[in-house]
Protein chains: 2
Amino acid sequence: MLSKKTKYGIKALTFIARQENGVKVQIATISQAENISHKFLESILLTLRKSGVLGAKKGKGGGYYLLKEPRDIKMTDVIRTLEGPIAMVPCVSLNFYEKCDDCPDEEACSVHKLMIQVRDSTLQVLRNTTLSDLV
Amino acid sequence: MLSKKTKYGIKALTFIARQENGVKVQIATISQAENISHKFLESILLTLRKSGVLGAKKGKGGGYYLLKEPRDIKMTDVIRTLEGPIAMVPCVSLNFYEKCDDCPDEEACSVHKLMIQVRDSTLQVLRNTTLSDLV
DNA sequence: CCTTTACCCTATCGGATTAGTAGGTTTTAT
DNA sequence: ATAAAACCTACTAATCCGATAGGGTAAAGG
């Protein structure tokens with residue numbers, strides 16, 4: 001299940017991407033337009049800023065803006081930042097790999113085999129979808 | 001993230017599918033071989049029996065066995081039974097559809113658009129993978 | 001019949017995670 | 001100076017997950 005954090009994050013990015021080039025958007029604006037709790041959204045945008053997707057300007061007239069072109073913002077990056085691993089099981093994750101403690105032999109594991117395929121097909125979609133495809 | 005319930009369920013089904021045709025397998029046998037809590041596994045196999053994938057026989061010499069050929073057991077069915085929806089968001093789920101309460105217009109929602117694509121690519125894998133592909 | 005074996009069912013619980021809340025700090029424009 | 005906006009830290013209520021406990025019920029062998 002996709003967390004609300006990720007869901008809201010994608011919605012917010014889409015909202016910002018729809019603005020004229022470089023126009024700054026306040027948290028409150030997005031919060032109202034998309035029905036998102038102001039404080040919760042605040043923490044999400046902060047995370048996205050730290051990951052390098054968004055820039056922010058403090059003070060009056062401040063707000064958030066994209067640091068890259070929408071077509072250069074891949075969904076893989078956004079989701080890994082907000083949600084964490086894309087794989088459904090840590091033992092098939094490329095960026096967040098972890099060994100299963102119950103599984104002695106990964107190669108022989110049926111779940112492993114299946115989830116690699118699911119991961120690859122999901123990755124293909126997310127890698128080829130950018131923010132510009134969603135606006 | 002895939003729950004342990006689903007993970008264990010798939011492992012157990014694979015284990016059973018590896019037996020000679022029609023041989024019954026006890027909970028304790030799978031539990032030991034796959035490092036799964038006996039009681040937890042019990043509840044999982046019960047769910048799978050109720051969904052019609054497994055049959056069970058009580059009493060001495062009893063156990064669980066497949067009701068269909070491994071190649072006729074699709075991963076979509078197994079995962080929907082144990083995990084629930086395959087879609088990452090209820091508003092794009094085929095079998096467990098639910099409207100998002102924060103989203104006034106699904107067609108205009110960027111998350112909706114993206115998650116439909118993810119769902120479709122995942123479905124294609126799970127529909128074309130059967131238990132026989134995992135043994 | 002009677003004991004063993006294994007399936008079936010309900011209830012509970014600790015820990016982790018998630019979504020949201022509260023309150024204050026820092027920076028900027030006017 | 002003042003208002004507006006992002007920034008930061010900490011907390012909380014609710015939910016879910018994996019596991020556990022304890023018994024009930026049905027079937028097979030002797």
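Atom P of nucleotide dC16(D) and atom CE of Met1(A) are separated by 10 Å, given to the nearest angstrom. Between Ile44(A) atom CD1 and dC7(D) atom P the separation is 14 Å, expressed in whole Å. Rounded to a whole Å, the NE2 atom of His38(A) is 14 Å from the C1' atom of dG23(C). The NZ atom of Lys24(A) sits 13 Å away from the C1' atom of dA6(D) (whole-angstrom rounding). Atoms NZ (Lys4(A)) and C1' (dA13(D)) sit 15 Å apart, rounded to a whole Å. Straight-line distance from the CG atom of Leu45(A) to the P atom of dC8(D): 13 Å, rounded to whole Å. Here dG20(C) presents its P atom at 11 Å from CG of Leu41(A), a figure rounded to the nearest Å. One atom, CG of Leu46(B), and another, C1' of dG24(D), lie 13 Å apart when rounded to the nearest Å.
Along DNA chain C, the nucleotide nearest to Gly59(B) and the one nearest to Leu2(A) differ in position, and the one closer to the 5' end is contacted by Gly59(B). Position along DNA chain C of the nearest nucleotide to Thr6(A) versus Lys39(A) favours Thr6(A) as the more 5'-ward residue.
Among the nucleotides dC7(C), dC7(D), dG18(D), the one closest to any side-chain atom of Ala56(B) is dC7(C). Distances from the side chain of Ser37(A) to the nucleotides dA19(D), dT21(C), dA6(D) place dT21(C) closest.
Not a single donor-acceptor contact under 3.5 angstrom links the side-chain atoms of Glu42(B) to the base of dC7(C). Residue side chain Lys60(B) does not reach the base of dG30(D) through any donor-acceptor N/O pair under 3.5 Å, judged by distance alone.
Using a 4.0 Å heavy-atom criterion, one finds that Lys7(A) contacts no nucleic acid atom at all.
Within the 4.0 Å cut-off from OP1 or OP2 of dC9(C), at least one side-chain nitrogen or oxygen of Lys50(B) is found. Between Tyr65(A) and dA6(D) there is no side-chain N or O to OP1 or OP2 distance below 4.0 Å. For the pair Tyr8(A) and dT18(C), the criterion of a side-chain N or O lying under 4.0 Å from OP1 or OP2 is not met. For Arg49(A), a side-chain nitrogen or oxygen approaches OP1 or OP2 of dC7(D) to under 4.0 Å. Note on Lys57(A): a side-chain N or O is less than 4.0 Å away from OP1 or OP2 of dA29(C). In this structure, Ser43(A) does not reach the dG20(C) phosphate: none of its side-chain N or O atoms is under 4.0 Å from OP1 or OP2.
In the hydrophobic cluster analysis, where Ile, Leu, Val, Met, Phe, Trp and Tyr join through side-chain heavy atoms closer than 4.5 angstrom, Leu123(B) is grouped apart from Ile86(A).
Salt-bridge formation is not detected for the pair Arg71(B)/Asp133(B): no Lys NZ or Arg NE/NH1/NH2 atom is positioned less than 4.0 Å from an Asp or Glu carboxylate oxygen.
Shown here is Glu106(A), whose CD atom has more than 12 heavy atoms of other residues, nucleotides or ligands within 6.0 Å. In Asp105(B), the CG atom is crowded: over 12 heavy atoms of neighbouring residues, nucleotides or ligands sit closer than 6.0 Å.
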